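Structure first, then comments.
Just so you know, these numbers come straight off a predicted model, no measurement behind them.
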Amino acid sequence: MSGLAIAPGRVNLIGEHTDYNGLPVLPMALDRDIRIEYSVTDRPVVRLDSPRARFDPFAFQLKRSIEAARQGDWSNYVRAAARGLLEHGVPLERGIEGTVAGNVPIASGLSSSSALVVASALALLNANGVEVGGDPGPAPAIARLELAALLARAERFVGLEGGGMDQAACLHGVAGHALRIDFEPLRVTPVAVPQRWRWVVASSLARAEKSRGARAAYNERAQQCREALAVVGGAEGEVVGFRDLVADADADGLLERARRALPRVLFRRFRHVVTEGRRVALAEVAMRDGDTRGFGDLMVRSHESLRDDYEVSTPELDEIVAVALQAGAAGARLTGAGFGGCAVALCEAGQVAPVMEALSARFYEPRLGASPSGDMMFAAQPSGGARVQIADG
Ligand code: NG1
């Protein structure tokens, strides 16, 4: 038997560095994906290659203690998926052999890593006859939400203390919709994107390799959030989570208490998380109301907070945001973890061409001496979620 596992990347529209703090996010699945074309083998072995030279072929045994390859090795994302399924109690007696391809830009904050994790999991589940909820066929043996949650835990195998946004967005994408994702417990609510809204994704031309350099900076932020929460949440008696703190109607009072209780840097991290959590709720309302200006303003405030309080932007990302806004975008912000990667801009349909032209002329051409490629800048469509296509019986 052979099959094709397809898993989209995602672009996060708002709600950055909130997922691992238990606060909601609003991404959408991309019309770009990672694909594993595989044949099923009777031996419990995974053997994959890639047409890209930087990705060496690899093989590993499907056994309970799958070891990590060296840091930064792409096989770790496939190993993470296999480990997660085995630890969840899914027997993986059959393996896969095949090729990984895709058009999600890598290390760009567009979740190519989670798309690879999800595609690997779907291929292994299919190879072992395990139905996934949402696919045609009999009652699922594993629900999509359950799979998203277990793969989020599994991907931490690569050493990033990430949240659960990416795997959930990849598995639950709906064409034409953004996805409000809540955590603890994981829930996904599709929100229709107004017909005239367009999303321009633009790369800062700097990779944000979270299996390498950006990992320490990301994990440091997660640790700072835990420290800040322990002080502010602890002082509230029974209140322990960011979600309880954000639910408090007195936003100014909370920030004032936090300002008094926390050292300067921790206060700024804390302020980003709680204000970003509130922005996601407001952005969902703006999207449902078709309020382009309202959504755009929230994106701009999100970017400023990520730049000034969370300190994950770069001069290039700031420049892309500024150029997009000057050219008529309703809003723009960095997307994904930051430290490089991409920005996303919201435009009404008629503004896409002027925004792209301005980015090309003022950001890319001076740096590249040429127009950007279609991987560096593109208009993204909200798309469907991960799936398997069976080639023959
Ligand atoms: P990107 O930048 O796409 O790898 C990472 C995390 C998300 C989330 C964002 C910041 C993983 C796999 N991804 O996304 O969970 O925390 O940063 O909002 O950990």
Side-chain angles (χ1 to χ4, degrees), residues 2-13 25 27-39 46 48-52 54-55 74-78 80-81 96 98-127 132-136 144 147-148 151-152 154-155 158 162 164-179 181 188 190 193 198-203 207-208 210-211 335-336 341-342 344 373-391:
S2 58
L4 179 66
I6 303 171
R10 62 100 185 95
V11 58
N12 190 19
L13 307 177
V25 292
M28 66 184 204
L30 284 175
D31 49 334
R32 289 173 171 253
D33 49 51
I34 300 289
R35 294 173 175 233
I36 306 181
E37 198 174 351
Y38 60 92
S39 50
V46 171
L48 292 173
D49 59 26
S50 157
R52 295 209 201 179
R54 74 176 276 225
F55 298 120
W74 72 299
S75 77
N76 282 335
Y77 294 105
V78 185
I96 53 170
T99 298
V100 181
N103 59 359
V104 186
I106 292 163
S108 299
L110 300 177
S111 226
S112 58
S113 63
S114 299
L116 178 55
V117 171
V118 169
S120 306
L122 290 186
L124 285 168
L125 288 168
N126 174 254
V132 178
D135 288 347
R144 270 183 187 247
L147 183 58
L151 292 179
E155 194 171 330
V158 302
M165 159 166 60
D166 302 350
Q167 304 78 6
C170 177
L171 276 158
H172 289 88
V174 179
H177 290 69
L179 309 161
I181 304 177
V188 181
V193 175
R198 301 286 182 275
W199 308 99
V200 173
V201 174
S203 166
R207 296 168 84 87
K210 278 175 294 305
S211 58
T335 186
C342 290
V344 59
S373 70
D375 278 348
M376 292 174 188
M377 181 173 68
F378 55 91
Q381 303 280 350
S383 300
R387 60 209 176 273
V388 166
Q389 289 170 2
I390 310 299

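At least one side-chain heavy atom of L125 sits under 4.5 Å from a side-chain heavy atom of L147. The side-chain heavy atoms of M377 and V200, taken from C-beta on, include a pair separated by under 4.5 Å.
Among all heavy-atom pairs drawn from P105 and F378, the shortest one is CG-CE2, 4.2 Å. Closest non-hydrogen pair, L151 versus A81, comes out as CD2-CA, 4.2 Å. Heavy atoms only, all atoms of each residue included: A5 and L122 are closest at CB-CB, 4.4 Å. Closest approach of H177 and P382 over heavy atoms only: O-CB, 3.4 Å.
Qualifying salt bridge (charged side-chain N to carboxylate O under 4.0 Å, His left out) partners for R198, counting only residues two or more places apart in sequence or in other chains: none. In terms of the salt bridge (charged side-chain N to carboxylate O under 4.0 Å, His left out) criterion, D49 has no residue partners (sequence neighbours excluded). For S383, the side chain to side chain contact (heavy atoms under 4.5 Å, CB included) test picks out D31, Q381, with sequence neighbours left out. Residues forming a side chain to side chain contact (heavy atoms under 4.5 Å, CB included) with R35 (at least two apart in sequence, or on another chain): L4, I6, D33. With sequence neighbours excluded, no residue forms a side-chain hydrogen bond (donor to acceptor under 3.5 Å, both in side chains) with N76. V104 meets the side chain to side chain contact (heavy atoms under 4.5 Å, CB included) test with R32, I34, L110, S112; sequence neighbours excluded. Scored by the side chain to side chain contact (heavy atoms under 4.5 Å, CB included) test, A148 finds A168, L171, H172, L186 as partners (sequence neighbours excluded). Remark: D166 engages R10, S111 in a side-chain hydrogen bond (donor to acceptor under 3.5 Å, both in side chains) (not counting sequence neighbours).
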Could you tabulate the donor-acceptor pairs under 3.5 Å formed by side-chain atoms of residues 114-121, not counting sequence neighbours?
from: S114; atom 1: OG; to: E155; atom 2: OE1; distance (Å): 2.8
from: S114; atom 1: OG; to: E155; atom 2: OE2; distance (Å): 3.4
from: S114; atom 1: OG; to: Q167; atom 2: NE2; distance (Å): 3.4
from: S120; atom 1: OG; to: L116; atom 2: O; distance (Å): 2.6

